[in-house]
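Written below as structure tokens is the structure these notes are about.
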Amino acid sequence: MLYSLTGCGSDTQQEINQTETIAKATNNKSDEDTQSHTRTIIDLGGNEVEIPPVSEIEHVVVITPPVTSVLLEVIPDTDMIVGLSPKAFVYSNEDVMKKLFPNYKDIETTFVGDDFSINTEALLALNPDIILYYGENQRKGLENIGLPIINFFSPKLIDPKDVTVAWDNLLREIFETDGGESLETEWEYFDTKVEEILVGQTKEPKRGLWVFSNVGGSLVAAGSSSFDSYAESFFEKAGIVNVATSIEGTAEVDMEQIYEWDPDIIFVFHNVPAQRYLNNSIEGQDWSLLEAWENQAIYDIPQTAYSWGAPCADSPLMPLWLISKAYPELYGEEEFRSELSGYYRRLHNVTLTEENMDMILNLRDIK
């Protein structure tokens, strides 16, 4: 009983300390002064959010990993990013990141856990002016923090084009970014190009499998598009039939189901790299019985600032890359490399070397 009472007292004191910390952080400016300069935006969750003028946004904290890649091409200076989720660059290419965000490894990440739990005191120590998050799970711990929090999740958006354009447009509104290449412009360009290429696709469409994850013998396939799976949308844009279309979002499947589907081509999102499938060296899984394995048509989905398997700054490139693998007779890798290089010059103001593109497009190393 004494132990229980002691624990309750400790929790109460901790709450008091947290409240005092928040109060100190949010009372630095007078209410009158703050209200006279704030802007009102509507985030993707439909919330009205009061944010400072651009000139007063100096410190940005990002809870949501994939949005970070889009932020990099909008934010005036990457030094403004003071806090990130530790998952922000788990699925990224180190060589590309050195060009896009040279000091990304030095950014504070310890304020947020792998489950997106927030250490309020550590977060406030970063003195953020705005906080970007994604959905209710990431909102926990931010509700009463007294700072502008901006939601980048909308349950209405499940097409990667709609998602990335919405992210880009909201960030451009926040930072009042005028001119330059936008994701909407890039999508329009690549949509037209993909449409022109697929006119020549008169054969039976390729049947593809999107391996969402493969960890500890648990094999997860991606089916219809949802907030956590975009395989269906990407496949449709590239003229590929998704063999797992009957699955809603993502679901665990066994090898017997994979054998029944017998896909022509397989794309690997993350975890076990494609080379392990091609070597048929995954314990408890025999991939050699599949048509895709027979034709060595198993590929790692590219990674730049984030994996192209999820909405990110490079999503407009994804359908064209899929075509280069599924229908190389219509559009080959050399042609794609030229588009990739041009895209990075336009959108990111970055020059990719041949070595950089090799790292993006080749099979990942086995670790």
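Residue indices begin at 1 and follow the sequence shown.
- Atom-to-atom distance recorded for Ile118:CD1 and Arg139:CZ is 12.5 Å, nearest 0.5 angstrom.
- No donor-acceptor distance shorter than 3.5 angstrom exists from the side chain of Lys206 to the backbone of Val241, with no hydrogens or angles considered.
- At distances below 3.5 Å, not a single donor-acceptor pair connects side-chain atoms of Asn279 with backbone N or O atoms of Ser281.
- For Lys237 and Asp159, the salt-bridge test passes: some basic side-chain N is under 4.0 Å from an acidic carboxylate O.
- Interatomic distance, Phe101 CZ to Asp106 CG, rounded to the nearest 0.5 Å: 9.0 Å.
- Remark: the backbone N or O of Cys312 is paired with a side-chain donor or acceptor of Ser315 at under 3.5 angstrom.
- Remark: side-chain polar atoms of Thr68 are paired, donor with acceptor, to backbone N or O of Pro65 under 3.5 angstrom.
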Next on the checklist: Pair Ile240, Phe234 - check side chain to side chain contact (heavy atoms under 4.5 Å, CB included), show working.
Outcome noted: CA-CA 9 Å; Ile240 300 170; Phe234 278 128; over 6 Å; no
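- By the 4.0 Å N-to-carboxylate-O rule, Asp168 lies close enough to Arg172 to be salt-bridged with it.
- Considering only heavy atoms from C-beta on, Asn242 stays 4.5 Å or farther from Arg207 through its side chain.
- Few gaps surround CD on Glu252; more than 12 heavy atoms of other groups in view lie less than 6.0 Å from it.
- Residues His270 and Asn214 fail the side-chain proximity criterion, which asks for heavy atoms closer than 4.5 Å.
- Considering OG of Ser85 and CZ of Phe116, their distance stands at 4.5 Å, rounded to 0.5 Å.
- The aromatic ring centroids of Tyr133 and Phe152 lie 6.0 Å or more from each other.
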Checklist entry - Are Ile158 and Val163 close enough, and set up right, to give a side chain to side chain contact (heavy atoms under 4.5 Å, CB included), and what steps lead you there? => result CA-CA 7 Å; Ile158 58 173; Val163 172; over 6 Å; no
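- Residues Ile323 and Val194 have side chains in contact (heavy-atom distance under 4.5 Å, counting atoms from C-beta outward).
- Looking at heavy atoms from C-beta onward, Glu94 lies in side-chain contact with Lys105 at the 4.5 angstrom threshold.
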Next on the checklist: Show, in sequence, the C-alpha distance, side-chain angles and deciding distance for Tyr327 and Leu322, and conclude whether the side chain to side chain contact (heavy atoms under 4.5 Å, CB included) test is met.
Outcome noted: CA-CA 8 Å; Tyr327 309 112; Leu322 288 169; over 6 Å; no
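- Under the 4.0 Å criterion applied to side-chain N and carboxylate O atoms, Glu333 and Arg337 are assigned as salt-bridge partners.
- At a threshold of 4.5 Å between non-hydrogen side-chain atoms, the residues Tyr344 and Val96 count as touching.
- Between the side chains of Trp293 and Glu291, no donor-acceptor pair of N or O atoms lies under 3.5 Å.
- Within the 4.5 Å cutoff, no side-chain heavy atoms of Val61 are placed close to those of Leu132.
- Residues Gln257 and Leu219 form no side-chain contact, since every pair of their non-hydrogen atoms from C-beta on lies 4.5 Å or further apart.
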Next on the checklist: Please determine whether side chain to side chain donor-acceptor pair (under 3.5 Å) holds for the pair Asn280 and Asp286, giving the CA-CA distance in whole Å, both sets of side-chain angles, and the decisive distance to 0.1 Å.
Outcome noted: CA-CA 6 Å; Asn280 201 28; Asp286 186 358; 3.0 Å; yes
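- Between Trp167 and Tyr134, the ring planes are perpendicular. Angles over 60° get that label, and only those under 30° would be called parallel.
- Using a 30° and 60° split on the angle between ring planes, Phe235 and Phe267 fall in the tilted class, from 30° to 60°.
- For CD of Glu329, the number of neighbouring non-hydrogen atoms (other residues, nucleotides, ligands) closer than 6.0 Å is greater than 12.
- Between Glu256 and Trp261, the closest side-chain pair of non-hydrogen atoms is not below 4.5 Å.
- The main-chain N or O of Glu50 is never found under 3.5 Å from a side-chain atom of Thr38 such that the two would form a donor-acceptor pair.
- Of all heavy-atom pairs between Phe269 and Gln303, the closest is O-NE2, 4.2 Å.
- Between Tyr189 atom OH and Tyr343 atom OH the span is 12.0 Å, to the nearest 0.5 Å.
- A salt bridge links Arg39 with Glu176; the closest basic N to acidic carboxylate O contact falls under 4.0 Å.
- When all heavy atoms of Trp187 and Pro319 are compared, the pair lying nearest together is CZ3-CG, 4.2 Å.
- Within the model, atoms OG1 of Thr304 and CG of Asn356 stand 11.5 Å from one another, a figure rounded to the nearest 0.5 Å.
- To the nearest 0.5 angstrom, Ile360 atom CD1 is 12.0 Å from Trp321 atom CH2.
- No side-chain donor-acceptor contact under 3.5 Å links Glu248 and Ser226.
- Electrostatic pairing of Asp300 and Arg364 counts as a salt bridge here, judged by a charged N lying under 4.0 Å from a carboxylate O.
- Ionic pairing of Lys193 and Glu188 is not present here: no N-O contact between side-chain nitrogen and carboxylate oxygen is shorter than 4.0 angstrom.
- Both Val62 and Val49 belong to a common hydrophobic cluster when Ile, Leu, Val, Met, Phe, Trp and Tyr are linked at side-chain heavy-atom distances under 4.5 angstrom.
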